[in-house]
Amino acid sequence: MALLYPDAHCELDFTDPLELLVATILSAQCTDKRVNKVTPTLFARYRDAADYAGADRAELEKIIHSTGFYRAKANSIIGLGQRLCAEHDGEVPGRLDDLVRLPGVGRKTANVVLGNAFGVPGITVDTHFGRLVRRFKMTDATDPVKVEHEIAALFPAGDWTMLSHRLVWHGRRVCHARRPACGACGVAKLCPSYGEGPVEPETAEALVRPGPFS
DNA sequence: ATCCCGAGGG
DNA sequence: CCCTCTGGAT
């Protein structure tokens, strides 16, 4: 597949596994700009897993407050530090099984870390990606695992980490949730949702209508 | 299925 | 004012 947006990039450009992991936890239900605003302070204050493990809860919450869900995120991050120290020698594990068991780390976060910090090609299905896929009717599934399999079948030997970045970017900047910019979309003509305005995945017709990949 | 939570856009 | 934001845990 042609690269639709050559300038697509990951705003959270961290190569350090721990920083990337923490930043990704913060990014839950939160825009990247707001995450980027707190990470300099955060990473200056806490440098390794032990720092997070022994963090003062109130202080940590204050630093990450503006990212929303600060209580749950602080819990996750402190618990994360403790678990890394107790079970992983203070290092971020590079295996999916281990990552997903960490507090505050789900499938999406784990895949981001694997792909970007460990170079493991993986598909990252997030809210943007999911919406885009449903609109494009690559699948009618909301199950991330099923979506990942569909994507894998469409792009067999590609760089899935970069592919995820590009499609996430596309979902964010073009295929908006509320009012998609179909005029700026390179694949609008291939999209079954195009021409009838915004079509939400819940609309049964959109799921039944034949598409280019069905 | 529901909760967690603040910020920014239309 | 209402919706959405690179989710995860219960």
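Quick note: numbers below take in every heavy atom, side chains included, and nothing from hydrogens, waters or symmetry partners. Only a predicted model underlies this, so the values are computations on that prediction, with no experimental measurement involved. Convention: sequence-line order gives letters A, B, ...; per-chain numbering from 1.
- Regarding A:His176, its NE2 atom lies at a distance of 12 Å from the C1' atom of C:dT4, rounded to whole Å.
- For A:Ala110, the side chain to side chain contact (heavy atoms under 4.5 Å, CB included) partners are A:Leu96, A:Leu99, A:Val100, A:Val105, not counting sequence neighbours.
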Sub-3.5 Å pairs of nitrogen or oxygen atoms, protein against nucleotides 8-10 of chain B:
none

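- Residues satisfying the side chain to side chain contact (heavy atoms under 4.5 Å, CB included) test with A:Arg57, not counting sequence neighbours, are A:Glu61, A:Asn75, A:Ile78.
- Rounded to whole Å, the P atom of B:dG10 lies 14 Å from the corresponding atom of C:dT6.
- In this structure, the ring-ring contact (aromatic ring centres under 6.0 Å, His included) partners of A:His65, at least two apart in sequence or on a different chain, are A:Tyr70.
- The stretch residues 80-92 of chain A participates, sequence neighbours left out, in these side-chain hydrogen bond (donor to acceptor under 3.5 Å, both in side chains) pairs: A:Arg83-A:Glu87.
- The shortest distance between the side-chain N/O atoms of A:Arg178 and the OP1/OP2 oxygens of C:dT4 is below 4.0 Å.
- Near DNA chain C, meaning a heavy atom under 4.0 Å from it, residues 52-71 of chain A has no residue at all.
- Residues passing the side chain to side chain contact (heavy atoms under 4.5 Å, CB included) test with A:Tyr46 are A:Leu42, A:Asp51, A:Tyr52, A:Ala55, A:Glu59, A:Leu60, A:Ile63, sequence neighbours excluded.
- Distance from the side chain of A:Thr109 is smallest for C:dG8 among the nucleotides C:dG8, C:dT6, C:dT4.
- Among residue pairs with one or both ends in residues 98-117 of chain A, those qualifying as salt bridge (Lys or Arg N to Asp or Glu O under 4.0 Å) are A:Arg95-A:Asp98, A:Arg107-A:Glu148; sequence neighbours excluded.
- Nucleotides C:dT10 and B:dC5 have their P atoms positioned 14 Å apart, rounded to a whole Å.
- Put simply, the residue from A:Arg173, A:Lys37, A:Arg172 that forms a salt bridge (Lys or Arg N to Asp or Glu O under 4.0 Å) with A:Asp32 is A:Arg172.
- Residues that satisfy the side chain to side chain contact (heavy atoms under 4.5 Å, CB included) test with A:Ala86, not counting sequence neighbours, are absent from this structure.
- For the segment residues 94-105 of chain A, residues with any heavy atom less than 4.0 angstrom from an atom of DNA chain C are, sorted by number, A:Leu102, A:Pro103, A:Gly104, A:Val105.
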